[in-house]
Amino acid sequence: MLVKGLQGVMKSHPLLFVLVSTLTLSVFIVLGVAIGETQIDFQTVVYAVANGALGTQYPINAIDQGVVWNYRLTRTLVAACCGSALAITGLVLQSLLRNALADPYLLGISAGASTGAVLVTIAGIGAGALSMSFGALIGAILAFMFVVALAALASGRRMGNISTQVILAGIAGSQLFNALTAFVIAKSANAEQARGIMFWLLGNLSGARWQEVAMAVPVLLFGLMIVLWHSRALDAFLFGSDAAASIGIAVKRVQVVLIFSTAMMTAVMVSMVGAIGFVGLVIPHAARFLFGSSHLVLVPACAVIGAVFLIVCDIGSRTVIPGQVLPIGVVTALIGAPCFALVLIRGQRK
Amino acid sequence: MNLKVENVSYRLGKKVLLDNVSLSLQERERVAIIGPNGSGKSTLLRLICGLNKPTQGEVLLAGRCVHRYPRRRLAQSLAFVQQKANTEDIVRAEEAVSLGRTPWIKPFEAWSEYHQGFVEKALLQVDMQDKRHQYWHTLSGGEQQRLHIARALAQNTPFIVMDEPTNHLDIKQQLGVLSLIHHIERTMLVAVHDLNHAMRFDRVIVLKDGGVVAQGAPETLITEALIKEVFEVESRVIKSMGFASNVQLIA
């Protein structure tokens, strides 16, 4: 009943959905900005945002202004973008490859990103001229290309088989790049560096500033548009790629466009904040449970749920242990795993 | 609109799956393809639907090679019901059928009465209106197959191609699907496993080892000699007035 109700409402009143989701997102962004280690009262938060966004001159403490505007707000926005991007990517890969375990890192992106990051920060490639996120982005893209090339070689002419080959190639690629990362860390990192890189590998939003927001928002919007445009095509994969082809989907083109664009979206996000696990795997399942199987509804739903989920996890990571920030990947799994278990159990009852 | 297969061969590595096959379909004709396992039935249907590309020769739909068609345009002319297509997703019967409208609907076009009309008609034709809200995984194999056929009907194409649609079904469901096929007024090309089912088609094409061995009206074509030659079993073909001939296999 719930599913039918929600899906019906979203399909028949898209404006209502846009309104509700904008409102929900705004509420959580405000929460993300208002809650944190340092107590800042709500009025100050509002003033600080107004000062930053509208150029007003409310007299507030410069430190508060800085914490709210340059630290918490950017961090929350980047968290929202990453959550959306990862959830959408997970959804697309699960639908295209017909595999419930597909997630954004399936294609070796996170493994490649960490290799890139490690090579820049620890092995010193680029001699300080390259940033860690640039290294991570290049690593992610190279690993992705490697996986795709391997999958293409392995499937040969039997294109119908590509989804299995992509998954196998992804596993091989991820293992290879993870091994490279471990090798570099073992060979050249000191304890301090190893700890730093571990933190990044589990996801770290602390570096998110306006520069990152300016990167994340357009990349997310662009990816979201492409995926939304293909949402009926994604529906068509319900019975596999042959069935999709026979109801008029140019399977190869859709697979290439969607896998490539979501992979790039993920690569950009991972290069900024590290490999935040679990979001891309779990949110699509939760969204399907709540909203049924139509991608016209699922894609925006995943975008919103993913964003909200990661904002909440970020708040958790900053507040659970006073005086210490947990890696966000730890929090996503700690909150996500029980939620996922619940969804799984309730899904069985249908 | 007619469909022609011209000197088509298909090789996978060194293995020849189809060897110089030619055939054609007339409008509103119901044609069955029979042949033993591995004779190339499924491969031929996949080539006709443009899912694989022939190594040699071509498949022409309305005079144009199927590989020159944009996928969407091809799916507006030709629907394909696979042997077995399943999903793990939680979907309702009706949603599976409405997928048939995919080639006719634009990316951001809202679902409308017009499209729903085709879905309703298709559900009615396969007699599944009552179970439209049921989840896919709660339906029997026969019901799922009927929904696949309904999906093809909602696609509203002049041609429907089916690959052994009665496979994995019990006898009653087989007969149900079969009589359904006979009430569909489209040009149909159906791979058939059971020779008695083939008897109910307008024409039968016999494949063996990747080549067409014989074709013609089932009453005259399907004989004890042909069955012996193609399937390598003894049989008795019983003719009775007013009914389709009956093939009895002798163990």
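So you know, we letter chains A, B, ... as the sequences are listed, proteins then strands, and number each from 1. It should be emphasised that the depicted structure is a prediction, and the values quoted were computed from it without experimental measurement.
Neither the backbone nor the side chain of Trp104(B) comes within less than 4.5 Å of any heavy atom in chain A. For a residue to count as touching a neighbouring chain, one of its non-hydrogen atoms must lie under 4.5 Å from one of that chain's; by this rule Arg98(A) touches chain B with the side chain only. Proximity to chain A is limited to the side chain of Leu51(B), based on heavy atoms less than 4.5 angstrom apart. Looking at Ala110(B), the atoms closer than 4.5 Å to chain A (heavy atoms on both sides) all sit in the backbone: N, CA, C or O.
Within 6.0 Å of the OH atom in Tyr69(B), the count of heavy atoms belonging to other residues, nucleotides or ligands exceeds 12. Crowding of Glu27(B) atom CD: a count of heavy atoms from other residues, nucleotides or ligands under 6.0 Å not exceeding 12. Within 6.0 Å of atom CZ in Arg72(B), more than 12 heavy atoms from other residues, nucleotides or ligands are found, so the atom counts as buried in its surroundings. For CD of Glu88(B), the number of neighbouring non-hydrogen atoms (other residues, nucleotides, ligands) closer than 6.0 Å is 12 at most. Counted within 6.0 Å of NE2 on His115(B), heavy atoms from surrounding residues, nucleotides or ligands total more than 12; the atom is thus considered enclosed.
Remark: Ile247(A) CD1 to Gln76(B) CD distance equals 12.5 Å, nearest 0.5 Å.
A 4.5 Å side-chain heavy-atom check between Phe289(A) and Ile90(B) finds every atom pair outside the cut-off. The shortest side-chain heavy-atom distance between Ile105(B) and Arg232(A) falls under the 4.5 Å cut-off. With a 4.5 Å cut-off on side-chain heavy atoms, Asp242(A) and Gln82(B) count as touching. Contact of the Asp235(A) side chain with the Glu95(B) side chain is not registered, since no non-hydrogen atoms from C-beta on lie closer than 4.5 Å. Residues Phe239(A) and Arg151(B) are not in side-chain contact: their nearest non-hydrogen atoms beyond the backbone lie 4.5 Å or more apart.
In the model, Arg92(B) has no side-chain atom that pairs as donor or acceptor with a side-chain atom of Ser293(A) under 3.5 Å.
Put simply, the side chain of Arg71(B) gets close to the backbone of Ala245(A): a donor and an acceptor are under 3.5 Å apart. Judged by distance alone, with hydrogens and angles left aside, the side-chain atoms of Thr87(B) form a donor-acceptor pair with the main-chain N or O of Leu238(A) at under 3.5 Å.
Closest approach of Ala75(B) and Ser246(A) over heavy atoms only: CB-O, 3.7 Å.
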